[in-house]
Amino acid sequence: MKLNPKQDEAVKYISGPCLVLAGAGSGKTRVITNKIAYLVQECEYQAKNIAAVTFTNKAAKEMRERVLQTLGKKESKGLWVSTFHTLGLEVIKKELKTLGYKPGFSLLDDQDTNQLLSELTEKELEKDKDLLNLLKMQIGNWKNELILPQRAIQEAREPQKALFAQLYARYQIQLRAYNALDFDDLIMIPTLLLGQNSTVRERWQSRFRYLLVDEYQDTNTSQYQLVKLLVGERARFTVVGDDDQSIYSWRGAKPQNLVLLSKDYPGLRLIKLEQNYRSVKRVLKAANILIANNPHEFDKKLFSELDMGEPIRVIATRDEEHEAERVVAEIISHKFMKRTSYRDYAILYRGNHQARVFEKSLMSNRIPYKISGGMSFFSRSEIKDIMAYLRLLVNQDDDNAFLRVVNTPRREIGPVTLEKLGSLANERHIGLFAACFEQELTHRLAGRGYNALMGFARWVVELSDRAVRGDTLEAVKDMVREINYEAYLYESSPSAKAAEMRMKNVSELYKWITDMLTGDADNPPMTLPEVVSKLTLRDMLERNEEEDDSDAVQLLTLHASKGLEYPHVFMVGMEEGFLPHQTSIDEENVEEERRLAYVGITRAQETLTLTYAKNRRQFGDVSTPELSRFVLELPQDDLHYEGKKKTVASQNERMEQGQARVANLRAMLKR
DNA sequence: TGAGCTTCATTTTTT
DNA sequence: ATGAAGCTCA
């Protein structure tokens, strides 16, 4: 398919900074991939001097595949396509010396971070999960704003913030001691480094001579700065975004960065992609009218050359069970009449808990479905265990990993032994693992504990030596075998079946690890540290293609639906307090909720159905929610109401009628 | 260490 | 209502 004029302009404008405002379904990925191809084929850029950055691994993978399709393997060789975090990791890896980290540093995920923080606060916060989360969020915010502990301490006003700032300082020191980084560090540290060190900055600026960024409205301050520093004075870059699809401000995204960009780069070329290739005219009209209720920095109006499409249905149901049954019934009959597939249908909701009723209903009707979210593979305890072992092999300063692993499976190394080991490590300012080899330890520990601990420590040393020396695959293999993990799982799981499941996960992980260590035609073998960080970043890329050929109805949150499309979309729970979520109403942040609704609507290709329940059991008792204001904001002529219509509009009508009657009575009385 | 009890919340999530 | 997660007592 040929590019439309706007897309073509976006592809061919390469002489300066470029902002592409790409509406939903306007072919932004096409623009990015074609632009990369254009740079290589027509503009004498080498692929290795181009970087494309995304937020998720999924998006990076998709982009890489599409570039490969247009450019071919040879011409795209060396092209850098990754998430922000993987890019940051690359910078850190290459600048280790300057930064003063040791090779083989660990990456801590969210859970590890929590654990570390609760240790730092002497477990004071362990029970107070809210406070712990608040602390973690605050630290994350500081890092996203590129504020180091020192400045955080200076600027803290309220006592709580001052305390948090102190903890932030200690947290960063602890991370250093562990030779570890958290996810936010992967952005903050390279950004600060590039800002301070002009040699390093120039090195990276000449490595990446053209930069493309996807989903720009989701960038936070540190990511914005990172991009700015990477492109430097030359400012050869293209960023693609849509302020109307900014739905992540609650985790630090600054859609204002789109505006900031035109201030930072006065020569910025702004290109709007307004033709939508996804949705039917009516859906688009509804989306446009809805989002027009939000204030805008950039005016943008999507249009479509597809059919008008059917009216948007608004279905009232008795309660949430009826809602679920109704939606499922609609899917069944629609599929039967139109001969579609299950995968053509998506049910979108605001909160994960809403999925349950729909699952139940789908299940009892024996309809295959796929649900997004839930416990992720990598937060399962068996996976975390194995990952901790690997981390310890790679980085013996990682006390976090040490503690997780030292007595799992049981090695008779109890809290008393660890307590003593810990205090020795503290006195000497060394890690727990290093403390195992202190002479002093023999005096402090009883024979049994000491022997158990030494047995473990020596075992780790031996394995890690082998892994470093190049016998990595065998070392990992032996490790998994020697810890007898399977036996441990059967012992500690509530049922044999659960143990089996968990062992299956472990085998899966093990298979990935061996594949990555071995390499294949397209991928060179990786070192163990590389494997560990890749796995922590969930960046498995080409491997492990979970090709989804299953034909199933899709259940997902509105957030998770961004970037996806379905022929037939059901948005359920269209109620005040639910779609504009109550907390957002209270915090007067309805605009982001409206964008969320906008994202949902623009997922639909052909038909869109909105449902709501007139009674909803919530928190134990029954409430009678009102139809979402967003439905009332849609063009009413394009809606088709079904079920007993009890909208706010009709309530208003009734009220007006009532008032009129009262007025009449008054008038009569006067006479 | 574990079954059974109480308590508790109940938006969105990636890396 | 409901389910998860922590907690207690044996």
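Order of the sequence lines sets the chain letters (A, B, ...), proteins ahead of strands, with each chain counted from 1.
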Given atom [atom1] of [X] and atom [atom2] of [N], what is their separation to the nearest angstrom?
| X | N | atom1 | atom2 | answer |
| --- | --- | --- | --- | --- |
| A:His353 | C:dA1 | NE2 | P | 17 Å |
| A:Phe183 | B:dT15 | CZ | P | 9 Å |
| A:Phe84 | B:dT13 | CZ | P | 21 Å |
| A:Arg616 | B:dT10 | CZ | C1' | 13 Å |
| A:Lys360 | C:dT2 | NZ | C1' | 11 Å |
| A:Ile371 | B:dT13 | CD1 | P | 11 Å |
| A:His581 | B:dT10 | NE2 | P | 10 Å |
| A:Glu593 | B:dT11 | CD | C1' | 8 Å |

Given B:dT15, B:dT13, B:dT11, the nucleotide with the shortest approach to the side chain of A:Leu537
B:dT15
Which part of the nucleic acid, if any, lies within reach of A:Arg251 when heavy atoms closer than 4.0 Å are counted: base, sugar-phosphate only, or nothing?
base
Does A:Thr583 reach a base, just sugar-phosphate, or nothing at all? Heavy atoms under 4.0 Å.
base
If stacking means aromatic ring centre less than 5.5 angstrom from the base's six-membered ring centre, planes under 30°, is A:His85 stacked on B:dT15?
no
Going by ring centres under 5.5 Å and near-parallel planes (under 30°), is A:Trp250 stacked on B:dT12?
yes
Given B:dT13, is OP1 or OP2 found less than 4.0 Å from the side-chain N or O atoms of A:Thr557?
yes
Is the phosphate of B:dT11 approached by A:Asn352 (side-chain N or O, under 4.0 Å from OP1 or OP2)?
no
Using a cutoff of under 3.5 Å, can you pull out all pairs of nitrogen or oxygen atoms linking the protein to nucleotides 1-3 of chain B, with atom names and distances?
from: B:dT1; atom 1: OP1; to: A:Arg410; atom 2: NH1; distance (Å): 3.4

Has A:Arg176 got its NZ or CZ under 6.0 Å from the middle of the six-membered ring of A:Tyr101, at an angle within 45 degrees of the ring axis?
yes
Salt bridge (charged side-chain N to carboxylate O under 4.0 Å, His left out) involving [X] - partner list, sequence neighbours excluded:
| X | result |
| --- | --- |
| A:Glu500 | none |
| A:Asp243 | none |
| A:Glu633 | A:Arg594 |

Enclosure of A:Met501 CE (heavy-atom neighbours >12, cutoff 6.0 Å)
no
DNA chain B: A:Asp110 or A:Leu596, which has the more 5' nearest nucleotide?
A:Leu596
Nearest nucleotide by nearest heavy atom, which residue falls closer to the 5' end of DNA chain B, A:Thr536 or A:His559?
A:His559
By ring pair (Phe, Tyr, Trp, His ring centres under 6.0 Å) - contacts of A:His559 (at least two apart)
A:Tyr248, A:Trp250
Rounded C1' spacing from B:dT12 to C:dA5 in Å
22 Å
Pairwise P distance, B:dT11 and C:dA4 [rounded to whole Å]
16 Å
Any donor-acceptor pair under 3.5 Å between the side chain of A:Arg538 and the base of B:dT15?
no
The criterion is side chain to side chain donor-acceptor pair (under 3.5 Å); which residues satisfy it with A:Gln225, sequence neighbours excluded?
none
With a 4.0 Å cut-off, would you call A:Lys562 and A:Asp218 a salt bridge?
yes
